[in-house]
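Since this is a predicted model, take the numbers as computed values, not measurements.
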Amino acid sequence: MLQVPFIRENKQLVINRLSVRNLDATAMIEDVINLDEERRALQTKLDAVLAESNSISKEIGILYKSGQAEKANALKTKTSELKEESKVLNEALNTKTEALNQLLYKIPNVPHESVPKGNSEEDNEEVYTEGDIPKLHDGALPHWELAKKYDIIDFELGNKIAGAGFPVYKGKGARLQRALIAYFLDKNTAAGYTEYQLPHLVNEASGFGTGQLPDKEGQMYHVTEDNLYLIPTAEVPGTNIFRDVLLNEADLPIGITGYTPCFRREAGSYGAHVRGLNRLHQFDKVEILRVEHPTKSYQALDTMVDHVKEILNELKLPFRILRLCGGDTGFTSALTYDFEVFSTAQDRWLEISSVSNFETFQANRLKLRFKNNDGKNELAHTLNGSSLALPRVLAGILENYQTEDGIKIPDVLVPYTGFEYIN
């Protein structure tokens, strides 16, 4: 969440930048400032009462030692009154602080100055494109028909076992999935990211720490009896490794990677655009995460973007990069780049990765700090990116690499699959 001092000192800037998200935050920002003033006034009053109580307690001790018990006992009544007053003030302070935090939880991150104003994905800016769109043979098929033709993904069986959006990968389809995961992890670890195996469920504090709660509560599967959530992305358990952690400046940067299944309810999703692998309730993804010094996080973001570019170049898939507009930027992000691969058989672009800088937004929730070289505690910057999400990468491979004789495997994956064709 946003830091209150930043809001207080940059009130109009915050309101102006949040308007890029098509959000009029004037009333909320005013409420934050007013609640904070009330909270600080209560804190000042409480501190004064506690200071007076401590002073009187010391005086009572001195009086007892000097044999002035009568005066000491008289002061005891005053300390009792002060203790009761401090109790009332403390309860009021906690109530005011909670109200302030609940309001802050509802305010999204301030977009970076480069984020354009816009309403939806139609207003995102294309900033990079690479690769030639292949010309397919007559009768080329979309990936869901290829999956059935070559018996590599069974959507109907997944529907029987769990429901729509839970495909079953079979034979060479399953091996291609495993190959992609291994390839992505190898690329990430070679780039300096430390591999982690992470829990697939998280507690409520973890959801709040990375901003999925309360913003995305309706999109997460909730195990109500244990109050645990199935992860929508490895970003959640991965970033929460650093919750309530104080690092040293020398520890930065930190980069980790991990493979997890991801679970998303995607309530209300329907229509042709969600067919096959286009949108699932369960899917595999390899993630990269970084904890960075605030002065170096945007350089790190560029490095992450270049890293994903390299992977897609090795897969030889046509892709483009979009800078998301304010209306399409996620709640926690200051700046996001989306990667999209072109699905030749569907004649449309499919999102396969988002790479984002959250600046201090998550770190403030997580209490993720580092001690700088001057000995002062600072909030770190967090970043994350998909490297990569498998379903649409797989869809892109199946469709763009299809031939009349079968589906060719990208050269870089053959050492992982052990086969060159699906036929």
Side-chain angles (χ1 to χ4, degrees), residues 121 124 126 128-131 133-134 136 140-148 150 152-153 155 158 164-169 173-174 176-181 183-185 187 219 232-235 259-264 266 269-288 305 307-322 324 328 330 336-356 384-402 407 409-410 412-413 422:
E121 60 185 27
N124 294 334
E126 183 178 301
Y128 186 85
T129 183
E130 187 159 332
I133 296 172
L136 300 181
L141 302 172
H143 69 268
W144 54 86
E145 293 187 24
L146 291 168
K148 187 171 184 179
Y150 294 109
I152 54 175
I153 308 172
F155 295 101
F166 296 90
V168 174
Y169 299 86
L176 181 53
Q177 279 277 102
R178 179 156 50 93
L180 282 165
I181 292 166
Y183 164 64
F184 293 154
L185 287 172
K187 286 293 293 182
Q219 296 181 27
T233 166
E235 170 198 342
Y259 151 71
T260 65
C262 303
F263 303 89
R264 300 184 186 180
E266 299 285 8
S269 295
Y270 59 91
H273 68 290
V274 301
R275 289 194 67 180
L277 299 172
N278 287 350
R279 186 165 296 172
L280 302 174
H281 293 303
Q282 177 183 330
F283 62 94
D284 293 324
K285 182 154 67 84
V286 176
E287 198 81 355
I288 50 176
V305 167
H307 178 69
V308 177
K309 276 186 191 176
E310 183 178 330
I311 292 174
L312 289 169
N313 281 327
E314 288 188 1
L315 288 172
K316 296 180 181 176
L317 290 170
F319 70 94
R320 68 178 183 177
I321 304 175
L322 306 174
L324 298 195
D328 202 31
T336 295
Y337 291 104
D338 268 8
F339 283 74
E340 295 183 337
V341 66
F342 192 76
S343 166
T344 308
Q346 297 180 69
D347 193 29
R348 58 189 291 250
W349 293 97
L350 302 174
E351 180 197 333
I352 53 167
S353 174
S354 288
V355 183
S356 303
N384 88 280
S386 309
S387 179
L388 293 163
L390 271 74
R392 293 173 183 176
V393 171
L394 185 59
I397 290 172
L398 296 180
E399 294 183 6
N400 291 327
Y401 276 84
Q402 65 179 300
I407 300 163
I409 301 300
V412 74
L413 293 179
I422 295 174

S.K.: Would you say that N278 contacts Q346 through its side chain, given a criterion of any heavy-atom pair below 4.5 Å between the two side chains?
M.R.: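 They are in side-chain contact.
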S.K.: Please check: side-chain N/O of R392 versus main-chain N/O of E351, any donor-acceptor pairing under 3.5 Å?
M.R.: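 Yes; at least one donor-acceptor contact below 3.5 Å.
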S.K.: For residues A345 and L136, report the shortest heavy-atom separation together with the two atoms involved.
M.R.: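 For A345 and L136, the tightest heavy-atom pair comes out as N-CD1, 4.0 Å.
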S.K.: Let me confirm one number: the CG-CG distance from L350 to D338, rounded to the nearest 0.5 Å.
M.R.: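 Rounded to the nearest 0.5 Å, the CG-CG separation comes to 12.0 Å.
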S.K.: If you define the side chain from C-beta out and look only at heavy atoms, does anything of H307 sit under 4.5 Å from S387?
M.R.: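 They are in contact (side-chain heavy atoms under 4.5 Å apart), so the answer is yes.
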S.K.: Only counting residues at least two apart or in another chain, list the ones meeting side chain to side chain donor-acceptor pair (under 3.5 Å) with D328.
M.R.: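 Side chain to side chain donor-acceptor pair (under 3.5 Å) list for D328, sorted by chain: N124.
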S.K.: For F166, check ring-ring contact (aromatic ring centres under 6.0 Å, His included) against everything at least two apart and list the hits.
M.R.: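 Scan of F166 (ring-ring contact (aromatic ring centres under 6.0 Å, His included), adjacent residues dropped) gives H281.
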S.K.: If we only count heavy atoms from C-beta on, is the I422 to L146 side-chain gap below 4.5 Å?
M.R.: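 SC-SC contact between I422 and L146 ruled out.
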S.K.: Tell me, please, which residues at least two apart from R320 pass side chain to side chain donor-acceptor pair (under 3.5 Å).
M.R.: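 Counting only residues at least two positions away or on another chain, R320 forms a side chain to side chain donor-acceptor pair (under 3.5 Å) with E126, E340.
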S.K.: Does Q282 have any side chain to side chain donor-acceptor pair (under 3.5 Å) partners at least two apart in sequence or in another chain, and if so, which?
M.R.: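 For Q282 there are no side chain to side chain donor-acceptor pair (under 3.5 Å) partners, ignoring immediate neighbours.
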S.K.: For E310, give me all partners under side chain to side chain contact (heavy atoms under 4.5 Å, CB included), at least two apart in sequence or on another chain.
M.R.: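 By the side chain to side chain contact (heavy atoms under 4.5 Å, CB included) rule, E310 matches K187, E314.
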S.K.: Taking salt bridge (charged side-chain N to carboxylate O under 4.0 Å, His left out) as the test, write out the residues that go with K309, two or more places apart.
M.R.: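 By the salt bridge (charged side-chain N to carboxylate O under 4.0 Å, His left out) rule, K309 matches D306.
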S.K.: Could you grab the distance from atom CD of Q177 to atom OH of Y169, nearest 0.5 Å is fine?
M.R.: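 Between atom CD of Q177 and atom OH of Y169 there are 4.5 Å.
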S.K.: Is any side-chain heavy atom of F283 less than 4.5 Å from a side-chain heavy atom of L390?
M.R.: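 Not touching, per the 4.5 Å side-chain cut-off.
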S.K.: Does Y401 reach the side chain of K316, with side-chain heavy atoms less than 4.5 Å apart?
M.R.: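 Yes, their side chains come closer than 4.5 Å.
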S.K.: Using the side chain to side chain contact (heavy atoms under 4.5 Å, CB included) criterion, which residues pair with E130? Sequence neighbours excluded.
M.R.: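 Side chain to side chain contact (heavy atoms under 4.5 Å, CB included) check on E130 returns Y128, N313, F319.
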S.K.: Applying side chain to side chain donor-acceptor pair (under 3.5 Å), can you list everything that pairs with T336, at least two apart in sequence or on another chain?
M.R.: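 Applying side chain to side chain donor-acceptor pair (under 3.5 Å) to T336 gives S333, S356.
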S.K.: Kindly give the heavy-atom pair with the smallest separation between V341 and L317, and that separation in Å.
M.R.: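 Reported closest heavy-atom pair: CG2-CB, 3.7 Å.
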S.K.: Can you name the residues that form a salt bridge (charged side-chain N to carboxylate O under 4.0 Å, His left out) with E235, not counting sequence neighbours?
M.R.: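 Once residues adjacent in sequence are excluded, E235 has no partner under the salt bridge (charged side-chain N to carboxylate O under 4.0 Å, His left out) criterion.
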S.K.: Is any side-chain heavy atom of L180 less than 4.5 Å from a side-chain heavy atom of D284?
M.R.: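 No, too far: nothing below the 4.5 Å cut-off.
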S.K.: Measuring from atom CD1 of I311 to atom CG of L315, what distance do you get when rounded to the nearest 0.5 angstrom?
M.R.: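 Those atoms lie 7.5 Å apart.
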S.K.: Say whether, by atom type as modelled, one donor and one acceptor occur between the side chain of H143 and the main chain of L277 under 3.5 angstrom.
M.R.: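 Yes, the answer is positive, given that a donor and an acceptor are paired below the 3.5 Å cut-off.
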S.K.: Got a sec, which residues hit ring-ring contact (aromatic ring centres under 6.0 Å, His included) with F342, two or more places apart in sequence or on another chain?
M.R.: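 For F342, the residues satisfying ring-ring contact (aromatic ring centres under 6.0 Å, His included) (neighbours in sequence not counted) are W349.
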S.K.: Quick one: CD1 on I397 to CG on L413, what's the gap to the nearest 0.5 Å?
M.R.: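 Spacing of CD1 (I397) from CG (L413) equals 5.5 Å.
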S.K.: Roughly how far, to the nearest 0.5 Å, is the CD1 atom of I133 from the OG1 atom of T344?
M.R.: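 It is 6.5 Å, given to the nearest 0.5 Å.
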S.K.: Could you report the tightest heavy-atom contact between G165 and L280, atom names first, then the distance?
M.R.: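 Scanning both residues, the minimum pair turns out to be O-CB, 3.6 Å.
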S.K.: Starting at OG1 of T233, measure out to CD of E287 and round the result to the nearest 0.5 Å.
M.R.: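 Atom-to-atom, T233:OG1 and E287:CD are 3.5 Å apart.
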S.K.: Using side chain to side chain contact (heavy atoms under 4.5 Å, CB included) as the criterion, list what pairs up with S353, not counting sequence neighbours.
M.R.: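 By the side chain to side chain contact (heavy atoms under 4.5 Å, CB included) rule, S353 matches V308, F339, V355, S386, L388.
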S.K.: Measure across C262 and P232 and return the closest heavy-atom pair with its distance rounded to 0.1 Å.
M.R.: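 In this case the closest contact between C262 and P232 is CB-O, 3.3 Å.
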